[in-house]
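Letters A, B, ... mirror the listed sequences (proteins, then strands); counts begin at 1.
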Amino acid sequence: MERRLLSGDEAVAAAAKDGGVHLGTGYPGTPSTEILETFSTLGGRAQWAPNEKVALEVALGAAFGGARALVTMKHVGLNVAADPLFTSAYTGVQGGLVIVSADDPGMASSQNEQDNRHYAEAAGLPMLEPSDSQEAYDLALAAFELSERWQLPVILRMTTRVCHSKSIVARRAGLPAPKAPAFVRDIKARVMIPAYARPAHRALRKKLEGLRIYNESSPLNVWREGSKALGVITSGVTARHVREAAPEASLLELKTVYPLPIDKLRAFAGSVERCVVVEEGDPILEVAIRAAGIPVEGKPAAFRFGELSVERVRRILARDPRPEPEPPKGKAPALCPACPYHPVYAALHKLDCIVAGDIGCYTLGVLPPYQGIDACVAMGASVGMGLGLRHVLPEQEARRVVSIIGDSTFVHSGLSGLVEMVYNPPPTGHVLIVLDNGTTAMTGQQEHPGTGRTLAHEPTTKVSIEGLARAVGVRSVDVVDPVADPAAFEKLLAERLAAPVLSVIVARRPCILAAPNIRRYEQAAEAKRAAGVEAGNV
Amino acid sequence: MSSRIVNVVLAGVGGQGVIKASDILADAAFRAGRDVKKAEIHGMSQRGGSVTTDVRFGDEVLSPMITPGEADFLVVLDPSEIAVTRSLLRAGGLLVPPDAIEEARLPNKKSLNVALLGILARALDLPEEAWRAAIHAALPERLHALNEAAFRLGRETALPRPNP
Ligand SMILES: Cc1ncc(C[n+]2csc(CCOP(=O)(O)OP(=O)(O)O)c2C)c(N)n1
Ligand code: SF4
């Protein structure tokens with residue numbers, strides 16, 4: 001059996017490969033990005049979708065067709081995909097569908113630390129949670145087994161520490177080979193008009209109760225017999241911290257975090273004198289266990305914030321009331337010195353713009369010297385927020401409002417904001433700057449529809465940002481290189497701000513870190529094309 | 001119970017090869033038959049921010065993270081990171097600072113990460129062969145000779161004095 005040192009993300013990719021997954025799709029987002037990248041490297045069929053909602057829909061369609069499908073995203077991505085997510089619990093699937101939600105407690109690289117375990121209960125979908133890379137591998141395979149057995153999508157919930165930590169993984173034979181995809185018509189199960197959705201909801205609740213009973217005796221949940229004085233209920237990487245902080249304690253390590261095996265939890269709590277629920281993030285296990293009438297102790301409110309660690313678990317168990325020490329503060333990331341965004345932020349700063357910003361490398365423009373962003377909330381939100389400001393601010397202020405968005409973000413969810421812009425234009429017009437650096441830089445240089453290359457950097461149809469802007473009816477569309485002539489960029493921006501028109505400025509210049517790679521991909525594509533021409537298959 | 005776990009923190013700023021060095025160390029311990037866990041936060045490191053990674057090995061490693069004040073070794077690649085990371089080291093722990101190696105003697109500036117691993121190797125009980133294989137696995141072939149030279153340079157450098 002092959003043993004290797006793998007990150008949690010790599011382990012899920014290996015499981016997808018060994019489990020015969022037909023299609024992996026998703027949208028980049030730390031800490032989930034490496035799953036699809038590794039799956040592709042291992043020879044799996046992996047593709048980036050323009051956003052998480054589309055990714056889930058593609059995977060759902062594949063699973064309706066009887067395939068094994070994997071979809072990956074970071075925690076906030078599941079918000080984008082939430083609409084199909086909830087109803088996919090009603091439709092169920094024909095093949096297998098596993099949705100990876102990579103949460104980021106502590107916000108190493110995110111705008112919030114939402115706890116996506118809430119989604120399992122809210123949507124009514126089974127959820128598994130690994131504590132290290134071996135479990136990420138095993139539970140990814142188990143998730144496909146569950147999904148196919150219960151004909152439901154299954155959520156595999158990971159966190160930054162599980163995704164990015166490396167530990168030893170032994171790969172195994174995988175799963176029984178999947179059936180070849182084939183269409184099976186089942187209109188009542190798949191078409192959610194109210195008449196069919198009502199019984200589907202009842203059927204879902206029945207399945208979940210069946211799953212609960214199944215989880216009661218699931219070998220995935222680990223009960224470690226220890227001291228009678230202290231028992232701990234926990235899940236995810238926290239289980240590892242607990243074993244180190246309190247090696248003597250009895251432990252119930254949950255892997256099936258939804259639906260919860262309540263009878264087992266009751267038995268465990270009853271077997272110890274003091275039973276503490278130690279969980280990272282929101283008190284979800286604690287509330288559910290207490291709601292079932294099982295007396296357990298939770299953690300103090302301060303431990304809802306950030307990641308847990310061995311040290312923090314020791315404090316929870318010791319009921320240590322002392323304030324926690326501040327973690328050492330390192331250097332914050334900043335825009336690369338030669339980043340093409342510098343002249344853009346310099347111009348925005350000089351013209352005293354009010355900037356509705358978005359998420360990507362360019363968010364770092366918020367730091368001194370520019371302090372160049374006034375709002376940043378969610379991907380794609382810059383366009384709508386800018387329009388809202390334009391609608392209500394006094395004219396002199398409204399004229400200073402600019403929306404600024406990256407190329408990947410624009411394709412992800414800026415497009416519907418653009419449609420809003422032409423549909424409900426503010427009286428002062430609006431200026432939207434698309435920062436087109438030819439890559440998704442923030443998450444490590446992934447391709448997107450605007451780069452014209454697939455996840456594996458192979459050529460495909462290139463979506464034109466300026467073409468889209470013109471197509472929806474924006475008349476003032478400029479494409480400029482802000483680095484080539486910063487003064488001209490500033491002049492253009494000033495002119496567009498002065499006129500009460502709708503304007504899109506595409507500031508196009510490759511990310512300096514990505515530029516050499518982009519050149520390589522282009523050369524490879526060119527060489528391939530030339531070889532194709534020679535072979536006569538144009 | 002398991003034998004004592006060795007805890008190594010590596011620190012620096014984005015672009016210095018901190019993560020690469022931690023991959024080599026973790027792989028060397030893995031090849032030597034130890035249980036290993038390695039934790040890091042990455043995602044925004046290319047923009048010059050601080051990077052620290054934790055490598056732990058022994059018979060059975062549970063948590064992937066090293067508790068502040070419990071690191072046995074702290075290897076720092078950038079002078080600016082010493083002050084912020086020093087408290088991670090336990091009393092009696094060993095700091096390997098960037099100036100433990102004379103820059104002029106490095107085969108190339110980028111190989112500081114591997115040279116500092118060479119110093120660390122003096123204090124760790126991992127076979128030479130595991131180190132060599134880990135260096136080879138982590139780097140493209142054209143860089144093997146250079147990095148082996150950097151590693152040897154570290155190997156021949158005296159260990160700094162432990163943290164009081
Ligand atoms: C819904 C959602 N999905 C994914 C992410 C992770 N993420 C943050 S910014 C970003 C894309 C950035 O790319 P781009 O807009 O091209 O800007 P750049 O980083 O290149 O400057 C991604 C994928 C997120 N924050 N929210
Ligand atoms: S990685 Fe690219 S886009 Fe991000 S700051 Fe550096 S140059 Fe700019």
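- Applying salt bridge (Lys or Arg N to Asp or Glu O under 4.0 Å) to R157(A) and the options E135(A), E129(A), E280(A) leaves one that passes, E129(A).
- No more than 12 heavy atoms of other residues, nucleotides or ligands sit less than 6.0 Å from atom NZ of K110(B).
- A donor atom on one side chain and an acceptor atom on the other are found under 3.5 Å apart for S80(B) and D78(B).
- Taken to the nearest 0.5 Å, the CD1 atom of I518(A) stands 7.0 Å off from the SG atom of C511(A).
- With a 4.5 Å cut-off on non-hydrogen atoms, I512(A) does not touch chain B at all.
- Each of H241(A), E307(A), E311(A), R312(A) has some count of heavy-atom pairs under 4.5 Å with chain B, and the biggest count is that of H241(A).
- For R155(B), the CZ atom counts as densely surrounded, since its 6.0 Å shell holds more than 12 non-hydrogen atoms of other residues, nucleotides or ligands.
- Neither the backbone nor the side chain of R86(B) comes within less than 4.5 Å of any heavy atom of chain A.
- Only the backbone of R34(B) comes within less than 4.5 Å of a heavy atom in chain A; its side chain stays farther off.
- Heavy atoms closer than 4.5 Å to chain A are found in both the backbone and the side chain of D35(B).
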